[in-house]
Amino acid sequence: MEAVVSTQSTWEAVVSTQSTWKQWYQRRVHGLTGPDVVKQVLHEDVTKDELGGPGVHTKKSGVAAGVWENDITAMAELRRLFDFLPLNNRDGAPQEDSHDAPERADEALNRIVPDNPNVAYDMKSIITRVVDNGDFFELFSDWAKNIVIGLARIDGRTVGIVANQPQELAGCLDSDASIKGARFISWLDAFNIPLLTFVDTPGFMPGTAQEHGGVIRNGAKLLHAYCESTIPKITVVTRKSYGGAYIVMGSKHLRGDCNYSWPSGELAVMGAKGAVEIICRGKDLVEEQKKYEEKFSSPQVPAERGYIDAIIDPSETRRIIAEDLEMLSEKQQDNPWKKHSIPPL
């Protein structure tokens, strides 16, 4: 890992991890070419900020993991980031003494997920209530907001967190979200940092824009990252987990170690309304939807089939995850030997 601070002409604070993470001052401009080259080659008028300013790389390109106002804030945040990380890839995830009891229950978690499945909520409110002292270091917060990634601690242990965000695109996975999650999971695996996944997604984003943009190929990157990783993997379904997105988001079928669902979890091919409209044409759709919901809109059936290990009380999520991290702290898993994998780049 490399950290560079430069005060030549423009301020810069860059964190680079395997050439994937960069973090900037607001005044930094970065690009492969400049406005003059763009004008000469493409006859396009563009400013430096429009071409490679912080807003471009934190919100559109996904090059920068974050941006800060000044060098003091930048260095403080970099130190905070390094504090979560091991010294090298052979060390385990760092563990500190925690002043937040691992068995702490939080009754507010029982009320966060709305009864109406079409009402959004902030997944980060769940994350901050589960981790130590509400301390969550989010990365790429302004890019692909429909998925949340970052670092935190539970019972003093560093964990990486990947979570769908229902407040953005209803938590649907798209190409950018898949790339964002895949890159982070591969990085966690490289440094032996356990992975905690919170799931609430109705599936992959439909439409010609996504299909033409290669959502199948990009979605496979997230699938590949989960499959190939050998770190401890814990998954909690908070509400929706539908279709291909159910498989991709740390399911038991991708060698998940511990998979749970809250009572509000729905693990199915698709939502009740859409499924009934397809399989029950010509019938009373209202009645058929009610039957479908009674049978499938519950985590009970997946639990009976072994797709999840238990249906847990939301308020007990922190305690259960802390116990699992302790159990999995000595996990050793090797993939079959090969020169290297072939990811869907």
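Worth saying up front: this structure is predicted, and the values here are computed from it rather than measured.
Using a cut-off of 4.0 Å between Lys/Arg side-chain N and Asp/Glu carboxylate O, Asp257 and Lys233 are scored as not salt-bridged. Residues Lys180 and Asp176 are not paired through a salt bridge, judged by the lack of any N-O separation under 4.0 Å between the basic side chain and the carboxylate. Of the charged side-chain nitrogens involved, none lies within less than 4.0 Å of a carboxylate oxygen, so that Glu96 and Arg157 do not count as a salt-bridged pair. Under the 4.0 Å criterion applied to side-chain N and carboxylate O atoms, Glu316 and Arg319 are assigned as salt-bridge partners. Under a 4.0 Å N-O distance rule, the pair Arg281/Glu277 does not qualify as a salt bridge. The existence of a salt bridge linking Glu44 and Lys39 is excluded, since no basic side-chain nitrogen approaches an acidic carboxylate oxygen closer than 4.0 Å.
With hydrogens and angles ignored, the 3.5 Å screen pairs no side-chain donor or acceptor of Ser229 with any backbone N or O of Ile231. Ser125 places a side-chain N or O within donor-acceptor distance of the main-chain N or O of Asp122, the cut-off being under 3.5 Å. Using modelled atom types, one side-chain atom of Arg318 and one backbone atom of Ala101 make a donor-acceptor pair closer than 3.5 Å. Of the possible donor and acceptor atoms, none in the side chain of Asn259 sits under 3.5 Å from a partner among the backbone N and O of Asp309. For the pair Asp155 (side chain) and Pro102 (backbone), a donor-acceptor distance under 3.5 Å is absent. In terms of modelled atom types and a separation under 3.5 Å, the side chain of Thr201 and the main chain of Gly171 share a donor-acceptor contact. Under a 3.5 Å cut-off, the side chain of Arg129 and the backbone N or O of Ala108 do not form any donor-acceptor pair. The backbone N or O of Pro299 lies less than 3.5 Å from no partner atom in the side chain of Ser261, so there is not a single donor-acceptor pair. For Ser241 (side chain) and Val237 (main-chain N/O), no donor-acceptor pair under 3.5 Å exists by modelled atom type. Distance alone, capped at 3.5 Å, places no donor-acceptor pair between the Glu326 side chain and the Glu323 backbone.
In this structure, Phe198 and Met249 have side chains that are not in contact, with every pair of non-hydrogen atoms separated by 4.5 Å or more. Looking only at side-chain heavy atoms (C-beta outward), Trp262 and Val113 come within less than 4.5 Å of each other. Residues Thr158 and Leu85 fail the side-chain proximity criterion, which asks for heavy atoms closer than 4.5 Å. The shortest side-chain heavy-atom distance between Leu151 and Ile161 does not fall under the 4.5 Å cut-off. In this structure, the side chains of Glu266 and Glu293 stay at 4.5 Å or more apart for every pair of heavy atoms. Here the side chains of Ile147 and Gln165 are not in contact, with every heavy-atom distance at 4.5 Å or above. Two residues are said to be in side-chain contact when any heavy atoms from C-beta on lie closer than 4.5 Å; Ile179 and Phe184 fail this criterion. Taking 4.5 Å as the limit, some side-chain heavy atom of Leu223 sits within range of a side-chain heavy atom of Ile247.
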Under the criterion side-chain contact (heavy atoms from CB on, under 4.5 Å), I'd like the reasoning laid out for Ile185 against Val162: C-alpha separation, chi angles, the key distance, then a yes or no.
CA-CA 8 Å; Ile185 292 168; Val162 175; 4.0 Å; yes
Is there a side-chain contact (heavy atoms from CB on, under 4.5 Å) between His224 and Ser341? Walk through the geometry before answering.
CA-CA 9 Å; His224 181 273; Ser341 64; 3.5 Å; yes
Checking side-chain contact (heavy atoms from CB on, under 4.5 Å) for the pair Ile126/Thr238: CA distance, chi angles, key distance, verdict?
CA-CA 9 Å; Ile126 291 178; Thr238 60; 4.1 Å; yes
CA sep, side-chain torsions, deciding dist, call: Lys240, Asp200, salt bridge (Lys or Arg N to Asp or Glu O under 4.0 Å)
CA-CA 5 Å; Lys240 299 174 184 176; Asp200 187 351; 5.8 Å; no
Evaluate side-chain contact (heavy atoms from CB on, under 4.5 Å) for Ile321 paired with Val130, printing each intermediate quantity in order.
CA-CA 9 Å; Ile321 292 172; Val130 169; 4.1 Å; yes
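Rounded to the nearest 0.5 Å, atoms CG (Leu328) and CD (Gln333) are 10.5 Å apart. Note that CD of Glu228 is 6.0 Å distant from CG of Asn335, once rounded to the nearest 0.5 Å. Taking CG from Leu196 and CD1 from Ile127, the interatomic distance works out to 8.0 Å, rounded to the nearest 0.5 Å.
Around CD1 of Ile279, the count of heavy atoms belonging to other residues, nucleotides or ligands within 6.0 Å exceeds 12. For Asn88, the CG atom counts as densely surrounded, since its 6.0 Å shell holds more than 12 non-hydrogen atoms of other residues, nucleotides or ligands. Surrounding CD of Glu330 are at most 12 heavy atoms belonging to other residues, nucleotides or ligands under 6.0 Å away. Around NZ of Lys252, the count of heavy atoms belonging to other residues, nucleotides or ligands within 6.0 Å exceeds 12. Within 6.0 Å of atom CG in Leu42, more than 12 heavy atoms from other residues, nucleotides or ligands are found, so the atom counts as buried in its surroundings. Within 6.0 Å of NZ in Lys60 there are 12 or fewer heavy atoms belonging to other residues, nucleotides or ligands. Around CD of Gln40, the count of heavy atoms belonging to other residues, nucleotides or ligands within 6.0 Å does not exceed 12.
Geometrically, Arg153 engages Phe84 in a cation-pi contact defined by less than 6.0 Å to the ring centre and at most 45° from the axis.
If you look at Tyr226 and His253, their ring centroids are not closer than 6.0 Å.
In this structure, a donor-acceptor pair under 3.5 Å is absent between the side chains of Ser61 and Trp143. For the 3.5 Å distance criterion, the side chains of Ser186 and Asp189 fail to qualify, holding no donor opposite an acceptor. Checked by atom type, the side-chain pair Ser175/Asn218 shows a donor-acceptor distance below 3.5 Å. Asp313 and Ser315 form a side-chain donor-acceptor contact under 3.5 Å, judged by distance and modelled atom types alone. Under the 3.5 Å distance criterion, with hydrogens and angles disregarded, no donor-acceptor pair is assigned to the side chains of Arg239 and Asn164.
What you find for Ile149 and Gly181 is that their closest heavy atoms are CG2-CA, 4.5 Å. The two atoms that bring Asp49 and Pro54 nearest to each other are OD1-CD, 4.4 Å, heavy atoms only. In terms of heavy atoms, Thr230 sits closest to Lys331 at O-CE, 3.3 Å. Of all heavy-atom pairs spanning Arg183 and Gly62, the tightest one is NH2-O, 2.9 Å.
There is no path of hydrophobic side-chain contacts, each under 4.5 Å, that joins Tyr246 to Met123.
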